**Q** 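Right, I'll just put the structure down here and ask away after.
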Amino acid sequence: MQEPKLQEKRWTKEVEKEVYSEWKKNQVYKFNKNTKKKVFSIDTPPPYVNTPVHIGQVTTYVLMDCFARYKRMKGFEVLFPLGLDRNGLPIEIAAEKKFKISPGKVSREEYIEKCRKILEESSLASVESFLRCGISFNSWEIGKGIGDIYETDSPDYRSLTQDTFIELWNKGLIYEASRINNYCPGCRTTLADAEVTYEDIPTNFNDILFKIKETGEEIIIGTTRPELISTCAAVIFNPKDDRYKKLEGKTAITPIYEKEVPIMAHPYAQLDKGTGLVMMCSAGDLSDIRFFREQNFTPVIAIGQDGKMNEHAGFIKGLKVKEAREKIIEELKKKELIVNQVKINHRTPICERSKHEIEFIEMSEFYVKQVDFKDDLANLANKLNFYDEKSREILLSWINSVSIDWPISRRRYYATEVPIWYCKNCKETFLPKKGTYHQPWKDPAPVKQCTKCKSKEFIGETRVFDTWFDSSNSPLYILKWSRDDSFFKKNSPATLRPQGKEIVRTWLYYTLLKAYHLTGKLIFKDAWINYHIVDENGKKMSKSIGNVVDPKEVLDKFGAEPFRLWSAVEGDLSKNDNRCSFERIEGSGKTITKLWNVARFISMFPEKKAKKLMDLDKWILDELNDLVNFADTHYEGYDFHNPATKIKHFIWETLASHYIELVKPRAYNEGNKFTEVEQASALHTIHTCLDILLKILAPINPLVTYKIYKELRKKDIHFESFPKSTKKEKLEFKTAELEELNREIWKVKKDNSLSLKDSIKQITLDKKFKSIEKDLQAAHNIQSIKYGKLKIEL
RNA sequence: GGGCCAGUGGUCUAGUGGCUAUGACAUCACCCUUACAAGGUGGAGGUCACAGGUUCAAAUCCUGUCUGGCCCACCA
C-alpha cells in the first residue's frame, strides 16, 4: 500500500481548465489529412454567432463530441470541424439597430462595414463554452485547412456558394421568374415556404354585401381580408352548392370599387365555410395564387414591397395592411355593406424569424428546381439512416408538401452575392469562372465585351442568396468539394449530419437537394436528429419568457463533467425533449466525485500480475465485460443515454458497494490471511477494472478520465482503443444473488445495532457462494460458514 | 381537418401480457464503515390519465374520451 497517486481529494473546475487548455495548446485533435485510417466525418451545425450559445445547443455539441471521441477510440480519423454562421438578417438587423442605419439610406459599402463591426464584437465569445466542455473539435483556429474553424461569410466559403450556383446554372437547374412569393415586410425580402410558419391570430371575419349586376339582388361574402377587395377577380361557389347554382355565369359588382367580376363554380369553395361564396383576390393567400394561375387571371397586386397599399388599392393607398383593413371596414360600415362581423382565430402565415405576417407580392427571383425532383428526393430520404427512425417522417412529409421551386435570391446586403453580370445594352447574362469570390455590385464584369452585341458596359447583379443556399453547402465545404477532388472522392459521403428537428425542412432538406443536384448522391450516411432542452417545467426556452439558461452559468456552477454526464444520462435527445434542471446536473457531479474516489482508492495499491484469477475477480470482470458490449453496440447507434445510465449504476452499486467492499481485505491482506496469488489477483483486477471503466466512460467524460488515466498510466486515454469483449466465465452465482446476500447481511447487522465491522458468529449460505467464501468471510467478519438455507447467527 | 408521439409516487423516469410496478431526485429516521458526509443503511409515498372491452392474467393489446407536445394541410 502506498499514498494515492491521485493527489487531489476531488475533481474540480480548475483541473478541467488545465486539461482543456492543454488540449487546445497542443492541438491534440487536429485532423490528419494523410491518415491511413478510415475517416469518420461530422457535418456539425454552424452556430449563429450573433446570438449567445444556448444550453440546448451546447448539450447537442457535447453529444456530438461523445460520437467523435468514441469513433476515435474505434480507430477512425475523425473530421469534426466547427463552423460559424455569420451571414444574413440577424446580423443586419443588429447593425441597423446599433448604428441606426437602413439599406437605401447608407451606401452598400457602409452598410456592410457596419455589419462587420457587429461581427467583430461577437467574435469567438460563443465558442468558449464549447472549449470549456472539452469538445474535441479538430481546431480552435480559423483557417482554410481541413478541420479548421470556418466562417460562412469568408471569401473562401462564399466563393464555394457561388460555385454551386454557377454549376447549377450550367446544369439548367436554375431559372429566373416573376412570381407571387411569400414576402416578409419586416425583413423586406422574399421567403421560401420553408421559412414560413403558421400561428392562430385573432381577426375579424366580415360578411360583406356584393351586388349581382343582372338581377340587382345582393349576395353575402365572408372574408378576413377586406382590404384586398380591389384585387378581386372572381366570386366562386362550390359546384355542388345548390343555393348558388342560379348565379353561374352572372356578374358580381364589388363594393366600393364597383368592379364587375364573373361568378363561377369552383371546388376551392367549401360548402360549409362562411356563406359558401368566396371572393378570389390576387394574393390573399396561397389558394388564391393557385386559383389565379389555374384560371389564367392576371393578378392585381395591391400591396407594395414596403408593406403598404399601392395605387391599385384606391382610397386606402399608402396605408399599412392592418391600417388599410381597419379603414376599409370603417368605410364599408358607413355604407352599410357589412352585415355581420365575427371574431375568429385565423391561421396566419408568419415569418419564422421576424414574426411579421407574410404578404404575397410578385417579384422576380431566381429559383432552384425542386418540384420535378420530389420522387428522387423521397428516394434519397429513404436511403438515409435516421437516428431516431421516426424523424424520417418529418423530412418525407415536407418533401411531399413541396409545391413550388425554391426561390433563392434575396434583396439584402450582408450575404453571398448572386454572381451574375448583365450586358447593359442587350441584357445578356455573364457568369464568372469558379474558384474566387465575386461581388458583382462593385466588381468589374468577367468579360470585356458582350459576346452578343459587343457592348462594353455591364451591370452587376445586386441580389444576394438566401442563407440556406449558403448553409446547405456545409458538407461540400468540409469535404473540399470542387477544391480537393481526391479528398472529396475518398471521403464523400460524410458520415454524420447531427441537427435539430426544427431545421429538417430547411437545412437537412436543402443540403440533400443541392448535393443531389451537384453530385447525384446522398451527401451523408446518417442523420442524427435531436429534440430540445426545455426548461425545468417542460416549457420551450425563449428570450421573451426569460427562461433561457446560459451555459456559462452551468459551467461556472457545476463544471463541465457533471454537465456532460447529465447530458448523456438525462434522456435520449433523439427521441424526446429533455428538461434542464440544475438539481440534476448537480446530482451528476456526485457520480464524478464517486468515480474520482474509486480511482483514488485503487491508486493506493500497487499493480501486480495475476497468476490465477479468483472467482470474485472473474465475476466483476465479467460484469464489466457485459457493460463493454452494451456500450459498444449502443454507442454505435449514437445512443449514449442507455450506456451512461448503466455505467453510472455500475460505478455506484456493482463496483463501489459490492465488489470493492468484498475485495478490500484481500487487497490490503493485513496479517497475511490470503496467499500471495490471491492478493495478486485482487490487485490485478482492481486496476484492470479501472482501466476498462475509464475507457468506456472516456467519450462521455473526457476530462476526468483523461486526467486519471494520465496520472496512472502516463498515456492519453482518448487515443487508446475501445475495450474489446472477452469470453464469458462460468460462475456458480449470479450478480443479483450476490448483491442480495450482501444487503441481507448489512441489514441484519443494522437491525441489531451492530457496526458493519462487528463479527457474525455463524452464517449458513447457499453452496453457490463456496468459491468466494474467503472474501465473504473477511469482508463481513464471519467466524464460521456453513452451507444450506440462508441463516445468519450473530 | 389529417397524422404522429406521450400521460406511471411531490418531480422526472424504466417497464410492449405473468411474482409484492423499476430507478433517480426531493423528503424523513438512523449511522464517521481502514477511497468517498459531495458517504452509507432503512422508511414513508403509486386506484400506472379516464371509461369500456379482449384474456386464466393488462401499466402493457383493442375501442372511445380527456389532457399535453409535435408535424402536415388550398380553412375564404
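Here the structure is a predicted model, which means the values were calculated and not measured. To find a chain, count down the sequence lines: A is the first, B the second, and so on, and within it residues start at 1.
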**Q** Please produce a list of atom pairs where a protein N or O lies less than 3.5 Å from an N or O of nucleotides 25-30 of chain B.
**A**
unit_1 : atom_1 : unit_2   : atom_2 : d
B:C25  : O2'    : A:Glu583 : OE1    : 3.3

**Q** Starting the side chain at C-beta, find the nucleotide from B:A35, B:C12, B:A76 nearest to A:Phe601.
**A** B:A35
**Q** When the P atoms of B:C71 and B:G10 are compared, how many Å lie between them, rounded to an integer?
**A** 31 Å
**Q** Between B:U60 and B:C48, how many Å separate the two C1' atoms, rounded to a whole number?
**A** 10 Å
**Q** Measure all distances between protein nitrogen or oxygen atoms and nitrogen or oxygen atoms of nucleotides 1-7 of chain B, and list the pairs falling under 3.5 Å.
**A**
none

**Q** Nearest to the side chain of A:Arg743, heavy atoms from C-beta on, is which of B:C72, B:U34, B:G42?
**A** B:G42
**Q** Can you list the residues that meet the side chain to side chain contact (heavy atoms under 4.5 Å, CB included) rule with A:Asn578, with sequence neighbours excluded?
**A** A:Ile533, A:Glu570, A:Leu573
**Q** Would you call A:Arg713-A:Glu607 a salt bridge at under 4.0 Å N-O?
**A** yes
**Q** If you check every side-chain atom of A:Glu670, which of B:U34, B:G39, B:A35 has the closest atom?
**A** B:U34
**Q** What's the closest nucleotide to the A:Glu661 side chain, out of B:C36, B:C71, B:A38?
**A** B:C36
**Q** So which heavy atom on A:Gln783 is nearest to which on A:Gln777, and how close?
**A** O-NE2, 3.4 Å
**Q** What nucleotide among B:U34, B:A35, B:A76 has an atom nearest to a side-chain atom of A:Phe205?
**A** B:A76
**Q** If the C1' atom of B:C61 is compared with that of B:C25, how far apart are they to the nearest Å?
**A** 33 Å
**Q** Is any side-chain N of the basic residue among A:Glu8 and A:Arg10 closer than 4.0 Å to the acidic one's carboxylate O?
**A** no
**Q** Of the nucleotides B:A38, B:C71, B:C70, which has the atom closest to the A:Lys501 side chain?
**A** B:C70
**Q** Measuring only the P atom in each nucleotide, how far is B:G3 from B:U63? A whole number of Å is fine.
**A** 13 Å
**Q** Can you tell me how far C1' in B:U11 sits from the matching atom in B:G18, rounded to whole Å?
**A** 30 Å
**Q** Can you name the residues that form a side-chain hydrogen bond (donor to acceptor under 3.5 Å, both in side chains) with A:Lys774, not counting sequence neighbours?
**A** A:Glu678
**Q** Stem list for RNA chain B, please, built from Watson-Crick and G-U wobble pairs under 3.5 Å and keeping only runs of at least 3.
**A** B:1-7 with B:66-72, B:10-12 with B:23-25, B:27-31 with B:39-43, B:49-53 with B:61-65
**Q** Residues in side chain to side chain contact (heavy atoms under 4.5 Å, CB included) with A:Glu739, at least two apart?
**A** A:Thr654, A:His658, A:Thr735, A:Arg743
**Q** Using heavy-atom distances to pick each residue's nearest nucleotide on RNA chain B, tell me which of A:Val278 and A:Asp577 is more 5'.
**A** A:Asp577
**Q** Please determine, for the side chain of A:Ser401, which listed nucleotide (B:A76, B:A35, B:A73) has the closest atom?
**A** B:A73
**Q** Base, sugar-phosphate or nothing for A:Trp11? Non-hydrogen atoms, less than 4.0 Å.
**A** nothing
**Q** With a 4.5 Å limit on heavy-atom distance, are the side chains of A:Phe601 and A:Pro4 in contact?
**A** no
**Q** Compare side-chain N and O positions of A:Arg10 against OP1 and OP2 of B:A38 and report whether any pair is under 4.0 Å apart.
**A** no
**Q** Please report, rounded to the nearest Å, how far the C1' atom of B:C70 is from the CG atom of A:Asp388.
**A** 14 Å
**Q** Could you work out, with ring pair (Phe, Tyr, Trp, His ring centres under 6.0 Å) as the rule, every residue matching A:Phe558, not counting sequence neighbours?
**A** A:Phe582
**Q** Please figure out whether A:Glu570 or A:Thr593 has its closest RNA chain B nucleotide nearer the 5' end.
**A** A:Glu570
**Q** Please measure how far the P atom in B:C70 lies from the corresponding atom in B:A44, and state the result in whole Å.
**A** 40 Å
**Q** To the nearest Å, how far apart are A:Glu393 CD and B:G69 P?
**A** 22 Å
**Q** Between A:Asp193 and A:Asn182, is the side chain to side chain donor-acceptor pair (under 3.5 Å) condition met? List the steps.
**A** CA-CA 7 Å; A:Asp193 286 347; A:Asn182 303 306; 2.7 Å; yes
**Q** Mind checking what makes ring pair (Phe, Tyr, Trp, His ring centres under 6.0 Å) contact with A:Tyr244, not counting sequence neighbours?
**A** none
**Q** Checking A:Ala560 now: which residues fulfil side chain to side chain contact (heavy atoms under 4.5 Å, CB included) with it, not counting sequence neighbours?
**A** A:Glu16, A:Leu555, A:Leu703
**Q** A:Trp406: which residues meet the ring pair (Phe, Tyr, Trp, His ring centres under 6.0 Å) condition with it, sequence neighbours left out?
**A** A:Phe469, A:Tyr510
**Q** Between B:G9 and B:G43, how many Å separate the two C1' atoms, rounded to a whole number?
**A** 14 Å
**Q** What integer number of Å spans the C1' atoms of B:A37 and B:C66?
**A** 47 Å
**Q** Considering residues at least two apart in sequence or located in another chain, which fulfil the ring pair (Phe, Tyr, Trp, His ring centres under 6.0 Å) criterion with A:Tyr709?
**A** none
**Q** Identify which nucleotide among B:A76, B:C36, B:C72 has an atom closest to any side-chain atom of A:Arg505, counting heavy atoms from C-beta outward.
**A** B:C72
**Q** Checking A:Glu357 now: which residues fulfil side chain to side chain contact (heavy atoms under 4.5 Å, CB included) with it, not counting sequence neighbours?
**A** A:Ile201, A:Lys322, A:Thr348, A:Ile350
**Q** Which nucleotide wins on minimum distance to the side chain of A:Thr223, given the candidates B:A76, B:G39, B:C71?
**A** B:A76
**Q** Should A:Lys749 be listed as having a side-chain N or O under 4.0 Å from OP1 or OP2 of B:U33?
**A** no
**Q** Just how far, in rounded Å, is P of B:A73 from CD1 of A:Ile399?
**A** 13 Å
**Q** Among the candidates B:A38, B:C72, B:A35, find the nucleotide nearest to the side-chain atoms of A:Lys594.
**A** B:A35
